[in-house]
Each structure stands twice: as structure tokens, then as C-alpha cells.
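The next block holds one structure in the form of C-alpha cells; read it before the comments.
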Amino acid sequence: MPFEIEEIRKSQEIFAALLENHQVSEEKDAELFDAYTTSDPVQRLTKSQGDALDSDVEQYGDTIYLIPREDNYFLGYSKAQLKAELCRSNATDKDYYLSQFVILTLLSMFYDGVGVSAHTRDFIRAGELQNTISERLSEARSRYDEDSQQETGIAFTNISEAYEQLKSDEKGSRARTTKEGFLYYILRFLERQGLIEYIETDDMIKTTKKLDQFMDWNLLNKNNYQRVLRVLGELDQDGDMASDDEEERDK
């Protein structure tokens, strides 16, 4: 079935807006949002443009997003680029995987993966995040021996060592060699992506509507949520929650 010229033009307008802002919202871009949601040809054309750039165009609630796929380094980030953004200049892979563990821990503190909306907290303190990271790394190391870590592909021992090598500074240093500085640059990166709001004066972290929608509609489906829990050491290899008795035996 051939497409009308107006349908092609409108889909190009929508995709151009997605390339510029990575999203089109009903509130700010009513005409484009309406064209996408009411015209199947326009929607199919827009999605095909995303597919050509190895990306997905998805509507979550009142917003349409352009989402680069996992290995899309043109619109997304490569591992090397993320390492440069999140870690110190001489960072190793251990530092990089620690940064990913920090982000997963942050997400798990805000979202529980159940209910109409998985968002369960209005804010957390950066200091609380730091303490939780230490606790979960300690729990994961005690729960998994070296053989288990090799099976899961998650080197909790190495990640924990990278974290413990960072110094502590009660004055809130921004040096990337400190725990406080390491977290600071991760939080600022997430803020630049429009995923969180970091209020430094109040030591407060809040999520944005963008992150809430992405978590509810995408990341927290059952399979993805269990993957997050497994990385954080909260699920055993059979997909069951680790009990306190199991933790005590592992210790």
C-alpha cells in the first residue's frame, strides 16, 4: 500500500524531532504526537526510520521516545565512551562494571517492579545510596563463591575491590578517586540524560517522568526485573529470592 506524501512528510517531522530531543510529548508537541498516535501509516513510517538507525521508536504513555538499541554507538554510548564519562581517566573494566552496579542499585531503590507503577519512593539521599552499595556488594560477595561468580558472569569480588579502593571523604569530595566523587559524576551523567534530578545542596536524588515511564513500560517487565535482581544478588540461580537463612549459611 503506497503512502501519501503528507504521511511521509509528517513522519519525517516526527523523526527529526526525535533525533533532536530523543522524545516527542503530547504536552509540548501536540500536533506531532497526535499525528503519530492517530495515523497507522505515519507511525509505521516513523518506526521504520528508527529501525534504519538501529533504534526503536516507542510510545510510553503521553510521550514517544527514540531508544538506541544495545550496540548502537551512533545514537547511544559505547563501553569506552561510558567509561570515560563515568570513571576516572585510568579506569579499568572493574571501575566500569562498578559504575553499572551503582546505577542498578539506584534503580532498585526507587522501583520495586510491581503494581500499576513501580515507583515507590519520592527521593533518596546520596549518602543512603552509598551505604546501600556497600551493603549489597558485601551481601553478594558472601552469597556467591568464586565458582558461582564465574557461572553468573558477575565478578562481585572484583567490583567490590574496585569500590573499596576508592577513598572516603566526609567533606563530599568530587575527586573521582573517592566514593563520593565517583557517585557524583554518575549522578550528574544520569541528570544530563534527563533520568534523574540531583539536588546537591540537599543531598537529594529524584527520578524524572522520563525514567518513571521507561521503567514502568520497558525495564520492569518480569524478565528484565529478575535480571536486575540477579545482578544485585537478590535472586538465587533458580530465580527465587534468597532467604535470610540462606544468607546466614553462605556467611
Using the rule that two of Ile, Leu, Val, Met, Phe, Trp, Tyr join whenever any of their side-chain heavy atoms come within less than 4.5 Å, decide whether Tyr77 and Leu211 are in one cluster.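 Yes; Leu211 is reachable from Tyr77 via cluster members.
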Rounded to the nearest 0.5 Å, what separates atom [atom1] in [X] from atom [atom2] in [Y]?
{"X": "Lys210", "Y": "Leu195", "atom1": "NZ", "atom2": "CG", "value": "5.5 Å"}
{"X": "Gln49", "Y": "Ser11", "atom1": "CD", "atom2": "OG", "value": "4.5 Å"}
{"X": "Asn131", "Y": "Arg125", "atom1": "CG", "atom2": "CZ", "value": "13.5 Å"}
{"X": "Ile64", "Y": "Glu58", "atom1": "CD1", "atom2": "CD", "value": "10.5 Å"}
{"X": "Met204", "Y": "Asp122", "atom1": "CE", "atom2": "CG", "value": "9.5 Å"}
{"X": "Leu190", "Y": "Leu106", "atom1": "CG", "atom2": "CG", "value": "6.5 Å"}

Compare all side-chain heavy atoms of Ile196 with those of Phe110 and state whether any distance is below 4.5 angstrom.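 The answer is no, as the side chains (C-beta and beyond) never meet within the 4.5 Å cut-off.
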Any side-chain heavy atom of Tyr65 within less than 4.5 Å of one from Val57?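 Answer no - side chains too far apart.
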Is a donor from one side chain sitting under 3.5 angstrom from an acceptor on the other, for [X] and [Y]?
{"X": "Gln43", "Y": "Thr37", "result": "no"}
{"X": "Ser108", "Y": "Arg136", "result": "yes"}
{"X": "Glu85", "Y": "Tyr185", "result": "no"}
{"X": "Asp51", "Y": "Ser48", "result": "no"}

Would you check, one step at a time, whether the test side-chain contact (heavy atoms from CB on, under 4.5 Å) holds for Leu82 with Tyr96? CA-CA 8 Å; Leu82 274 178; Tyr96 169 75; 3.8 Å; yes
Tell me whether [X] contacts the main-chain N or O of [Y] through its side chain, where contact means a donor paired with an acceptor under 3.5 Å.
{"X": "Gln81", "Y": "Ser78", "value": "yes"}
{"X": "Thr178", "Y": "Ala175", "value": "yes"}
{"X": "Thr132", "Y": "Glu128", "value": "yes"}

Side chains of residues 13-26: which donor-acceptor partners sit under 3.5 Å, not counting sequence neighbours?
from  : atom 1 : to    : atom 2 : distance (Å)
Glu13 : OE1    : Lys10 : NZ     : 3.3
Glu13 : OE2    : Arg9  : NH1    : 2.1
Ser25 : OG     : Lys28 : N      : 3.1

More than 12 heavy atoms of other residues, nucleotides or ligands under 6.0 Å from CD of Glu4: is that the case?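 Count not over threshold, so no.
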Could you tell me whether Lys79 atom NZ has more than 12 heavy atoms of other residues or ligands within 6.0 Å of it?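 Yes, enclosed.
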Any salt bridge linking Asp56 with Lys47? Criterion: basic side-chain nitrogen under 4.0 Å from a carboxylate oxygen.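 No.
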Between Lys83 and Asp95, does at least one N-O distance fall below 4.0 Å, as a salt bridge requires?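 A salt bridge is absent here (no side-chain N lies under 4.0 Å from a carboxylate O).
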Is it true that the NZ or CZ of Lys179 lies under 6.0 Å from the centre of Tyr163's six-membered ring and within 45 degrees of the ring axis?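 So Lys179 does make the cation-pi contact.
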Just jot down the side chain to side chain donor-acceptor pair (under 3.5 Å) partners of Ser55, sequence neighbours excluded, or say none.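 With neighbours one apart ignored, the set is Asn72.
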With sequence neighbours excluded, residues passing ring pair (Phe, Tyr, Trp, His ring centres under 6.0 Å) with [X]:
{"X": "Phe123", "value": "none"}
{"X": "Tyr97", "value": "none"}
{"X": "Tyr184", "value": "none"}

Quick check: closest heavy atoms across [X] and [Y], and the distance to 0.1 Å?
{"X": "Ser99", "Y": "Leu86", "value": "OG-CD1, 3.6 Å"}
{"X": "Ile133", "Y": "Thr105", "value": "CG1-CG2, 4.0 Å"}
{"X": "Gly61", "Y": "Phe33", "value": "O-CZ, 3.9 Å"}
{"X": "Tyr60", "Y": "Gln213", "value": "O-NE2, 3.2 Å"}
{"X": "Ile186", "Y": "Ile103", "value": "CG2-CG1, 3.8 Å"}
{"X": "Gln165", "Y": "Arg88", "value": "OE1-NH2, 4.4 Å"}

Tell me, with the steps shown, if Thr63 and Gln59 meet side-chain contact (heavy atoms from CB on, under 4.5 Å). CA-CA 6 Å; Thr63 308; Gln59 179 190 348; over 6 Å; no
Determine which pairs satisfy side-chain hydrogen bond (donor to acceptor under 3.5 Å, both in side chains) with at least one residue from residues 195-209, sequence neighbours left out, and list them in order.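 Of all non-adjacent pairs touching residues 195-209, those that pass side-chain hydrogen bond (donor to acceptor under 3.5 Å, both in side chains) are Asp62-Lys209, His119-Thr207, Arg174-Glu200, Arg188-Glu200, Thr207-Asp212.
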If you apply the rule side-chain contact (heavy atoms from CB on, under 4.5 Å), what do you find for Gln12 with Leu45, and how did you get there? CA-CA 8 Å; Gln12 291 173 334; Leu45 282 166; over 6 Å; no
Determine, step by step, whether Leu98 and Leu166 satisfy the side-chain contact (heavy atoms from CB on, under 4.5 Å) criterion, reporting the C-alpha distance in whole Å, the side-chain angles of both residues, the deciding distance to 0.1 Å, and the verdict. CA-CA 11 Å; Leu98 171 60; Leu166 298 172; 4.2 Å; yes
